[in-house]
Amino acid sequence: MIKHQFALVKREVWEHRSLYITPAVVGLVLVLAVLTAFVFASGYQEIVDIGIVGAQNIAGDAERRAAMFALLMGNTAPFLFAGAILTIFYCLDSLYAERKNKSILFWRSLPITDAETVISKFLTAAVAIPVIGLAVIIVTHLVVLLFTSIYVSLQGGSSVFLIWKSAPFFDVWAGMLVFMLLLPIWFSPFIGWFLFVSAWTKRSPLLMAFLPLVIVPTLEYWILRTHLIWDAIQTRFEQLPMFKGIDPERLFDDHEFIADAELVSLIGYIDIGKFFTSPAMWAGVIVCGLFLTAAIYVRRYRDDS
Amino acid sequence: MTSLVTASNVSKHFGKVRAVDDVSFEIEKGRIMGLFGPNGAGKTTLLKALLGLTDCEGQLSVLGLDPFKQRKELMQNICFIADVAVLPGWIKVTQLLDFTEATHPNFSRAHAEEFLSRTKVRPDARVRELSKGMIAQLHLSIIMSIDAKLLVLDEPTLGLDPIFRKEFYSNLLNDYFDGERTILITTHQVEEIENILTDIMFINDGRLLLDTTMESLPELFAELMTSGENAEKARRMNPIYERDVFGKKVMTFENVDKEHLAALGEVHTPSVVDLFVAKVKGAAA
């Protein structure tokens with residue numbers, strides 16, 4: 001079973017090269033953007049002296065850590081955005097393409113159950129995409145910081161002191177790992193839905209995936225005058241139960257940011273207990289399970305080849 | 001002899017269309033069975049039921065398993081080629097071997113590599129870069145490297161040129177078939193495989209028209225070539241089918257006294273193709 005899953009997920013990566021090309025392109029764009037920024041910045045040396053990374057005058061450890069934290073997180077956000085889009089397209093393609101190109105007949109000639117196959121597609125979306133993404137994020141961080149070091153050194157600053165000793169690598173990377181593995185669980189109803197559409201639709205999976213997300217809530221409102229489905233979709237995006245509450249009074253003092261090493265931490269804000277005791281999270285997992293079951297059923301029973 | 005496949009009263013319908021209609025047969029171990037039928041006769045549906053790809057009514061047992069409910073177990077001992085085009089274009093030859101090795105307990109990678117080394121298929125090529133014939137060779141090399149009890153081939157040589165087709169069947173016979181294994185094959189190119197078959201089945205409109213061994217064909221069927229008055233006499237013996245060839249009448253008979261026929265003209269055993277046409281057209285008439 002585990003050996004099968006490993007082979008099946010590997011197959012997904014072979015087939016969907018976008019799983020690593022997409023983050024690689026994002027990483028490349030970020031590195032180029034940083035390089036371009038330095039090229040421009042070096043033309044205006046006097047002005048950028050007050051900038052964060054080039055400045056020698058950032059006072060305390062916490063401020064430097066905060067600056068590095070911001071730099072690392074800023075170079076992470078684009079990956080999350082790209083990863084979300086990648087996951088949607090991957091899911092919609094994963095059980096659709098094999099029917100379109102008829103390779104499903106070959107895959108089904110091997111001793112693998114439909115459940116194993118569908119689960120492997122879920123694991124690819126929920127685990128492989130985040131893990132590959134994080135690996136590229138880490139490489140991108142290191143490359144960006146390397147170029148930043150060179151820039152800082154050229155400006156006469158100490159890159160070891162300013163960057164390598166200040167950047168909260170472990171905190172950001174470990175925090176991102178947890179975040180990126182929990183996020184797909186929180187959004188698993190969507191992953192399940194997309195996989196189901198991919199297994200079920202005869203054409204245009206993208207349209208078939210998104211139209212019902214608009215039509216069904218609209219119908220609900222017309223007929224029942226309620227908006228439960230829309231609320232459920234909306235709260236999924238608004239109330240991610242993964243972070244500790246942030247007390248603004250601890251962060252700001254008369255609108256001045258209080259730099260505190262304890263506060264500038266991703267891990268410090270992630271609340272795994274809150275996540276796993278969230279009824280909304282478990283409800284989502286159940287919905288995902290139902291969609292996956294439906295996808296397995298459709299792949300097994302539908303005969304359209 | 002042991003039956004590998006037992007079908008009794010198997011039916012499958014799509015809406016009102018009966019794709020397979022109350023079919024019963026057995027396939028014994030070590031046989032090479034040819035299943036023939038016109039387009040839309042229900043061949044593929046019947047094969048899909050045997051392979052557990054679709055459910056059906058009636059009793060169906062393949063290697064003692066219920067194909068639909070126990071598909072995973074079944075696939076460990078059964079192989080099939082559904083069509084030459086089913087290998088996905090994006091996969092590399094080495095990846096295909098890696099994947100099959102990881103998922104199929106009875107697959108011998110060494111055997112597949114040995115077979116491929118005799119072809120022009122490069123290990124680092126993607127399937128989409130290969131010709132149709134090479135894809136068929138690749139698929140066959142994988143299938144033949146799986147130690148399976150039953151091999152099911154559905155139009156395995158569709159779209160291949162005659163050289164590849166001949167090679168395909170000679171590989172199948174020489175490298176794969178050992179008398180222990182069992183092969184079930186469907187194709188429209190009946191002439192090319194009739195000499196390797198041990199058994200034949202005809203299916204039309206979902207119903208079984210014929211299920212017999214190749215050896216018993218000469219006993220069961222006769223073809224008479226005659227003309228004029230003799231043709232009239234022969235017609236009274238109820239041929240199942242009659243056609244014209246160069247101004248002469250060719251009639252196909254089932255269960256008929258051959259000596260009696262011989263008095264009326266030239267008698268021989270019909271080829272499988274002619275018999276197929278006679279059975280299908282005769283049944284329709």
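By convention in this document, chain letters (A, B, ...) are assigned in the order of the sequence lines, proteins followed by strands, and residues within each chain are numbered from 1. Remember, it's a predicted structure, so these values are computed and weren't measured experimentally.
Contact annotation for A:Arg17: only side-chain heavy atoms (C-beta onward) come within less than 4.5 Å of a heavy atom of chain B. Of the atoms belonging to B:Ile91, it is side-chain heavy atoms, and not backbone ones, that fall under 4.5 Å from chain A.
In this structure, A:Ser198 contributes its side chain and A:Tyr96 its backbone to a donor-acceptor pair below 3.5 Å. Side-chain atoms of B:Ser131 come within 3.5 Å of backbone N or O of B:Met134 as a donor-acceptor pair.
Of the N and O atoms on the side chains of B:Ser3 and B:Glu26, at least one donor lies less than 3.5 Å from an acceptor on the other residue.
Ranked by heavy-atom pairs under 4.5 Å with chain B, the first of A:Glu98, A:Glu116, A:Arg108 is A:Arg108.
Of residues 60-72 of chain B, those residues lying under 4.5 Å from chain A by any heavy-atom pair are B:Phe68, B:Lys69, B:Arg71, B:Lys72. Residues of residues 178-195 of chain A having a heavy atom under 4.5 Å from any heavy atom of chain B: none. Using a 4.5 Å cut-off between non-hydrogen atoms, no part of residues 181-190 of chain B approaches chain A. Applying a 4.5 Å heavy-atom cutoff, the residues of residues 104-117 of chain B that approach chain A are B:His104, B:Pro105.
Heavy atoms from other residues, nucleotides or ligands lying under 6.0 Å from CZ of A:Phe89 number 12 at most. The environment of A:Tyr297 atom OH is sparse: at most 12 non-hydrogen atoms of other residues, nucleotides or ligands sit within 6.0 angstrom. For A:Phe169, the CZ atom counts as densely surrounded, since its 6.0 Å shell holds more than 12 non-hydrogen atoms of other residues, nucleotides or ligands. Annotation: A:Phe170, atom CZ; neighbour count of heavy atoms from other residues, nucleotides and ligands within 6.0 Å does not exceed 12.
Within the 4.5 Å cutoff, the side chain of A:Leu123 has no heavy atoms near those of the A:Glu12 side chain. Counting only heavy atoms from C-beta outward, the side chains of B:Thr6 and B:Gln59 never approach each other to under 4.5 Å. A:Met208 has its side chain within reach of A:Trp200: a pair of non-hydrogen atoms, C-beta onward, lies under 4.5 Å apart. No side-chain heavy atom of B:Phe80 sits under 4.5 Å from any side-chain heavy atom of B:Leu151. Counting heavy atoms from C-beta on, the side chains of B:Val127 and B:Trp90 never come closer than 4.5 Å.
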For this session: Check step by step if ring pair (Phe, Tyr, Trp, His ring centres under 6.0 Å) holds for A:Phe106 and B:His139.
Result: CA-CA 9 Å; A:Phe106 173 71; B:His139 203 164; 5.4 Å; yes
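Between B:Arg207 and B:Asp205, no side-chain nitrogen of the basic residue sits less than 4.0 Å from a carboxylate oxygen of the acidic one, so the salt-bridge criterion is not met. Salt bridge absent: B:Lys132 and B:Asp161 never bring a charged side-chain N and a carboxylate O closer than 4.0 Å. Salt bridge annotation for B:Glu57-B:Lys12: absent, with no cationic side-chain nitrogen under 4.0 angstrom from a carboxylate oxygen.
Taking the centre and axis of the six-membered ring of A:Trp107, the NZ or CZ atom of A:Arg299 falls outside the cone set by 45° and 6.0 Å.
The OG atom of A:Ser109 sits 5.0 Å away from atom CD1 of B:Ile143, with the distance rounded to the nearest 0.5 Å.
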